[in-house]
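Taking it in order: structure first as structure tokens, then the write-up.
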Amino acid sequence: MRRRLLSSTLVVAAIAVLLLGVPLGVVVSRLIYDEAVQELRGEATRLLGAVEYARMEEQPITPEYLERDYPDRYIQIFISGSAPIIAGTAPPEDRQITEEVQSESGVYVRVSRDAHQIESDVRARLLFIVALAFAALAVAVGLAIVQSRRLVLPLQDLGAIAEKLGSGDARPSRHRYGIQELDRVAEVLDRSATRISELLGREREFATDASHQLRTPLTGLTMRLEEIVAAADEPAVVREEGEAAIVQVERLTAVIDELLAAARRQRYAQAGPLEVDSVLDQQLTEWEPAFRRAGRRLALAGERGLSALATEGGLSQVISTLLENSLEHGDGTVTITTTSGERSIVIEVADEGPGVPEELAARVFERNVSGGGGTGLGLTLARALAVADGGRLELVRRCPAAFAVFLRPVGDQERYRVVSGPA
């Protein structure tokens, strides 16, 4: 592209120089010759006047006088009744320029000069024009080089950016080139890079969230299978634990459905009336063996028979995350307390451990923040699941730790009804 720009610019400049330079050279040559002829005619006219004046004053005109006042001229003066007066050296016939004037009294003056000096002047002017033409061509080539670099280098840069974008490097370049069209392309590429980066980030977060949410049900299923293996000689226990394992598998399937629904942004639309006791009883059944092996106890307190707007999988995942955190980071008895208020159904999970460190209390729900070497995703995902159901998850007491899930009561459903049509 750069070569094409240079060649096209050079051709255009050369045509322009020829179209302007050739007529200019012709005009300058003609003007120089015309000026020399006019000058020679003026000299002949002045000399004629001087001769007429000398005759009236009866003064002689000598060749020495003429050579002194008119150097480099060949002068011939013819006066009737007198000998011709000749001054200077006659130039060659092929380079001679002559002007003649004559008076009514019979005086005839002829002035000639050598055209060599005029030709030298013409050549000097033409050489100057040619030099200007080459200078114009050089300037055109220089401008073409600068312009081609200004156009080609940004295009090469944009090509490299597009290639990086296609290879997965979705960082915006923020390059601008001072050319409106190229800057617009760069802005579009930057916006595309930002969108691709966001999509990749969401995919990575979804993969991380999915693996974390699947880990908890798999942990519970593993515990059930361990109980079955440990009680292989007790059919009643095996049957009970097998049924619990089936429930755990169903919960795992529900978690997968929740993940797919969240990926399609449909979880809020799926929230509906849910019996809180059924979810809590299920969680107590799943986690009681793990707490028993740790020498700890699970307890359920508060009001019973409460209903809230939520999804079973989402609420189960939130309670499971809180119980897992209490098992790993807390101590003593873990108490799940349910209460109902005018605007919320509250499920509080509290233990008797040292609580949340003061420096982490304000950031405990942030992604990748953990005080015990964990992944730092559990509480972040739990809060996201609670918000997706129209509720919220809060740390209500730092020491000992107490987390509360606030859910919408069933009667609050009308406030969130979507209205279509004119209001």
Side-chain angles (χ1 to χ4, degrees), residues 212-232 234 236-252 254-255 275-304 306 312-339 346-357 364 370-379 381-383 385-386 393 395-405:
H212 189 277
Q213 293 190 46
L214 292 174
R215 183 174 61 86
T216 301
L218 289 174
T219 301
L221 180 59
T222 302
M223 291 188 298
R224 293 301 174 187
L225 295 176
E226 290 175 353
E227 292 288 336
I228 292 174
V229 173
E234 302 178 26
V237 176
V238 170
R239 181 181 181 84
E240 180 182 356
E241 294 297 333
E243 292 175 352
I246 293 174
V247 173
Q248 192 67 36
V249 171
E250 293 175 350
R251 184 184 164 214
L252 181 61
V255 169
E275 295 294 331
V276 175
D277 290 343
S278 63
V279 176
L280 297 182
D281 291 340
Q282 175 191 354
Q283 291 300 310
L284 260 66
T285 302
E286 291 181 8
W287 285 95
E288 194 275 334
F291 277 86
R292 185 175 64 246
R293 286 196 299 269
R296 299 173 59 187
R297 190 171 66 88
L298 275 174
L300 188 62
E303 302 180 34
R304 307 292 290 178
L306 298 178
E312 182 176 358
L315 182 58
S316 298
Q317 184 69 23
V318 172
I319 301 301
S320 179
T321 300
L322 296 178
L323 292 177
E324 183 179 8
N325 280 355
S326 296
L327 180 62
E328 293 182 3
H329 308 297
D331 199 3
T333 300
V334 176
T335 304
I336 303 176
T337 305
T338 55
T339 57
V346 183
I347 304 172
E348 182 178 299
V349 179
D351 59 41
E352 300 172 347
V356 180
V364 70
S370 175
T375 62
L377 296 173
L379 291 177
L381 298 179
R383 170 173 272 191
L385 290 171
L393 173 62
L395 174 65
V396 295
R397 188 176 65 242
R398 186 181 66 83
C399 184
F403 291 87
V405 183

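All residue numbers refer to positions in the sequence shown, counting from 1.
Distance check, rounded to the nearest 0.5 Å: CD of Glu275 to CG of Asp281 gives 11.0 Å. In this structure, OG1 on Thr335 lies 6.5 Å from CD on Glu352, to the nearest 0.5 angstrom. Remark: Ser320 OG to Gln283 CD distance equals 5.0 Å, nearest 0.5 Å. Note that CH2 of Trp287 is 12.0 Å distant from CD1 of Ile319, once rounded to the nearest 0.5 Å. With values rounded to the nearest 0.5 angstrom, Glu288 atom CD is found 10.5 Å from Arg297 atom CZ.
Residue Ser326 forms a side chain to side chain contact (heavy atoms under 4.5 Å, CB included) with just one option from Val334, Ile336, Thr333, Thr321, and that option is Val334.
Minimum interatomic distance between Pro354 and Cys399 (heavy atoms only, all atoms of both residues): O-SG, 3.1 Å. Leu327 and Ala290 get closest at one heavy-atom pair: CD2-CB, 4.0 Å. Summarising the geometry of Leu385 relative to Gln317, their closest heavy-atom pair is CD1-CG, 3.3 Å, with the distance given to 0.1 Å. Listed here is the closest heavy atom pair of Ala404 and Val346: CB-CG1, 4.0 Å.
Taking the side chain as every heavy atom from C-beta outward, Leu300 and Asp277 never approach each other to under 4.5 Å. Side-chain atoms of Ile347 and Leu315, non-hydrogen and from C-beta on, do get closer than 4.5 Å to each other. For the pair Leu323/Leu298, a side-chain contact is recorded, criterion being any heavy-atom separation below 4.5 Å from C-beta on. Using a 4.5 Å heavy-atom threshold, the side chains of Arg398 and Val356 count as touching.
Taking Pro400 as the reference, Asp351, Arg397 meet the side-chain contact (heavy atoms from CB on, under 4.5 Å) condition, with sequence neighbours excluded.
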Practice prompt. Test side chain to side chain contact (heavy atoms under 4.5 Å, CB included) on Leu395 and Leu379 and set out the steps.
Written response: CA-CA 10 Å; Leu395 174 65; Leu379 291 177; over 6 Å; no

